[in-house]
Enquirer: 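Okay, here's the structure, questions in a sec.
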Amino acid sequence: MARKKIIAGNWKMNMTPSEAVALVETLKPLVKTEEADVVFCVPAIDIIPVVKACEGTNIEVGAENMYFEEKGAYTGEISPNMLTDAGVKYVIIGHSERREYFAETDETVNKKVLKAFEHGLTPIICCGETLTQREQGITLDWIRKQVKIAFQNVTADQAKTAVIAYEPIWAIGTGKTATTEQAEEVCGAIRACIGEIYDEATKEAIRIQYGGSVNAGNAAELFAQADIDGGLVGGASLKADFGKIVNYK
Ligand SMILES: O=C[C@H](O)COP(=O)(O)O
C-alpha cells in the first residue's frame with residue numbers, strides 16, 4: 001500500500017511570533033507539493049499567527065507539546081482544546097528533548113497520545129535510543145518498549161492515523177545522521193511491532209518518520225526506504241533548505 005509521505009518541521013524553541021510569520025512567508029512557495037503532507041510544528045506562542053499565515057496553503061500546523069488534562073490548575077500548560085480551537089492538526093508527543101529536560105515518561109506519552117486522539121489531533125509520537133543504548137545492542141528492545149507503552153489502549157483505527165517519529169538521540173542536532181540501513185532497520189522494526197500489537201492493515205497504514213540531522217542532501221535516500229514515510233526535521237526546517245527536503249524527489 002502506498003502511504004503518503006509526511007514531512008514535518010520541528011521548529012523547537014526558535015522563532016518569535018514575527019520571525020515565525022516571516023519564515024512561513026519564505027517557505028510557503030518552497031514547500032508546495034501534493035505528494036506529501038507538510039507540517040510546521042511551532043512553539044505555542046507562534047501557533048495563532050502561523051495558522052493565519054498558512055491559510056490557503058498546503059501547510060498544516062502542529063504543536064510541539066500538549067498536556068493530557070482537559071483544563072484546570074496546570075500553570076504553563078496547553079490543553080488539547082486550546083490547540084484544536086487555534087487550528088492545530090498535529091502534535092509532537094514525547095520528543096527526546098521533552099523526555100530529557102522535562103521528565104516526560106512513556107506513561108505520560110501514552111496519556112498524551114490518548115488525549116490527542118480524543119480531540120482529533122494527530123500525534124507525532126517520538127521514540128529513539130541513546131548512543132550508549134545503541135552500543136549496548138539494545139536499540140530494538142528499547143524502541144519496542146517505547147512504542148508498546150505509547151500505544152496502550154489506542155484502538156487500531158486510531159493507530160492507523162498516527163505518526164511515529166524514530167529519532168536516534170545521538171543523531172539529533174549533531175550533524176550525525178543514522179545510515180539509511182540503521183534508520184530503515186529501526187523503522188521496519190517499529191512497523192513490525194505495530195503489526196504485533198494490531199494487525200496487518202494497521203501495520204501498513206501507520207506512517208513512520210525518521211528524524212535526526214535530516215538535510216537537503218540525505219532526505220531523498222532516507223525517504224526512499226520502504227518503511228520510512230518522511231521526516232521530522234529540526235535545524236533544516238528553519239531554512240529555505242526545507243523546501244528541498246519537502247520536494248526531495
Ligand atoms: O524533531 C526533530 C529532531 O529532533 C531532529 O532535529 P535535527 O534535524 O536538528 O537533528
Side-chain angles (χ1 to χ4, degrees), residues 5-15 19-20 23 27 30-31 36-44 46-47 50 59-66 88-102 104 109 112-113 116 121-131 133-134 139 142-143 146-147 150 162-180 182-184 186-187 190 207-223 225 228-248:
K5 300 281 188 210
I6 174 161
I7 299 164
N10 175 9
W11 290 9
K12 307 194 179 184
M13 199 176 74
N14 295 294
M15 300 291 142
E19 288 168 345
L23 182 60
L27 292 178
L30 308 176
V31 300
D37 291 331
V38 179
V39 186
F40 289 179
C41 297
V42 306
D46 297 344
I47 287 172
V50 166
I59 305 162
E60 295 285 9
V61 178
E64 296 179 11
N65 180 38
M66 174 199 91
V88 167
K89 298 281 190 277
Y90 293 83
V91 56
I92 298 175
I93 293 179
H95 190 281
S96 61
E97 288 149 14
R98 298 231 35 106
R99 294 178 191 252
E100 183 178 354
Y101 306 127
F102 303 99
E104 294 216 4
V109 166
K112 291 182 179 194
V113 168
L121 287 158
T122 299
I124 299 177
I125 305 159
C126 300
C127 59
E129 82 286 3
T130 62
L131 188 56
Q133 289 165 333
R134 177 159 283 273
T139 297
W142 179 259
I143 302 287
Q146 288 187 317
V147 170
V163 179
I164 299 176
Y166 166 54
E167 301 204 309
I169 295 169
W170 48 272
I172 295 176
T174 58
K176 197 174 169 189
T177 321
T179 64
T180 39
Q182 287 171 326
E184 172 60 10
V186 180
C187 291
I190 292 170
R207 292 191 289 181
I208 303 173
Q209 299 173 314
Y210 167 78
S213 300
V214 173
N215 59 45
N218 59 27
E221 194 179 325
L222 285 161
F223 300 170
Q225 304 305 303
I228 301 180
D229 306 311
L232 183 56
V233 185
S237 72
L238 299 168
K239 302 187 284 197
D241 258 19
F242 192 58
K244 294 188 188 139
I245 296 172
V246 167
N247 292 293
Y248 63 95

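Heavy-atom basis, side chains included; hydrogens, waters and symmetry copies ignored. Just so you know, ligand 1 is whichever comes first in the structure, and atom 1 is the first atom listed for that ligand. The first residue of the sequence shown is numbered 1, and numbering continues consecutively from there.
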Enquirer: Test side chain to side chain contact (heavy atoms under 4.5 Å, CB included) on His95 and Lys12; report intermediate values, then the result.
Expert: CA-CA 10 Å; His95 190 281; Lys12 307 194 179 184; 4.0 Å; yes
Enquirer: Please test Ile6 against Tyr90 for side chain to side chain contact (heavy atoms under 4.5 Å, CB included), starting from the C-alpha separation and ending with a verdict.
Expert: CA-CA 11 Å; Ile6 174 161; Tyr90 293 83; 3.5 Å; yes
Enquirer: Taking only heavy atoms of Gly235 into account, list the atoms of ligand 1 that are under 4.0 Å away from them.
Expert: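 Per the distance check, 7 (P), 8 (O), 9 (O).
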Enquirer: Taking salt bridge (charged side-chain N to carboxylate O under 4.0 Å, His left out) as the test, write out the residues that go with Asp46, two or more places apart.
Expert: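 With neighbours one apart ignored, the set is empty.
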Enquirer: Of all the heavy-atom pairs spanning Glu221 and Thr180, show the shortest one and how long it is.
Expert: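 The pair with the smallest heavy-atom distance is OE2-OG1, 3.1 Å.
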Enquirer: Gly173 heavy atoms, cut-off 4.0 Å: which ligand 1 atoms fall inside?
Expert: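 Listed by number with element, the hits are 7 (P), 9 (O), 10 (O).
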Enquirer: Could you pull out the closest heavy-atom pair between Ala183 and Tyr210, with the gap in Å?
Expert: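 Scanning both residues, the minimum pair turns out to be CB-CD1, 3.7 Å.
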Enquirer: Quick check on contacts: which atoms of ligand 1 are under 4.0 angstrom from a heavy atom of Leu232?
Expert: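 Under 4.0 Å from Leu232, ligand 1 has these atoms: 1 (O), 2 (C).
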Enquirer: Check the side chains of Glu129 and Tyr166 for a donor-acceptor pair under 3.5 angstrom, ignoring hydrogens and angles.
Expert: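 Checked: Tyr166/Glu129 side chains pair up, N/O donor to acceptor below 3.5 Å.
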Enquirer: As an exercise, identify every atom of ligand 1 less than 4.0 angstrom from a heavy atom of Gly212.
Expert: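 This gives 5 (C), 10 (O) as the contact atoms.
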Enquirer: Under 4.0 Å from a heavy atom of Ala171: which atoms of ligand 1 are those, numbered in the order shown and with their elements?
Expert: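 The atoms of ligand 1 under 4.0 Å from a heavy atom of Ala171 are 10 (O).
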Enquirer: Can you give me the closest heavy-atom contact between Ser213 and Gly173, atom names plus distance?
Expert: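 In this case the closest contact between Ser213 and Gly173 is OG-N, 3.9 Å.
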Enquirer: Using a strict cut-off of 4.0 Å, indicate which atoms of ligand 1 neighbour a heavy atom of Ser213.
Expert: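 So the answer, numbered in order with elements, is 7 (P), 8 (O), 10 (O).
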Enquirer: Within the structure, does Thr174 bring an N/O atom to less than 3.5 angstrom of an N/O atom in ligand 1?
Expert: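 No.
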Enquirer: Nearest protein heavy-atom contact for atom 2 (C) of ligand 1: which residue, which atom, what distance?
Expert: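 Nearest protein contact, heavy atoms only, for atom 2 (C) of ligand 1 is Glu167 OE2, 3.0 Å.
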Enquirer: Looking only at non-hydrogen atoms, which of Lys176, Glu97, Lys12 approaches atom 4 (O) of ligand 1 most closely?
Expert: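 Among Lys176, Glu97, Lys12, the closest heavy atom to atom 4 (O) of ligand 1 belongs to Lys12.
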Enquirer: Could you check atom 8 (O) of ligand 1 against the protein and tell me its nearest heavy-atom contact, residue, atom and distance included?
Expert: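 Its nearest protein heavy-atom neighbour is Gly234 N, 2.9 Å.
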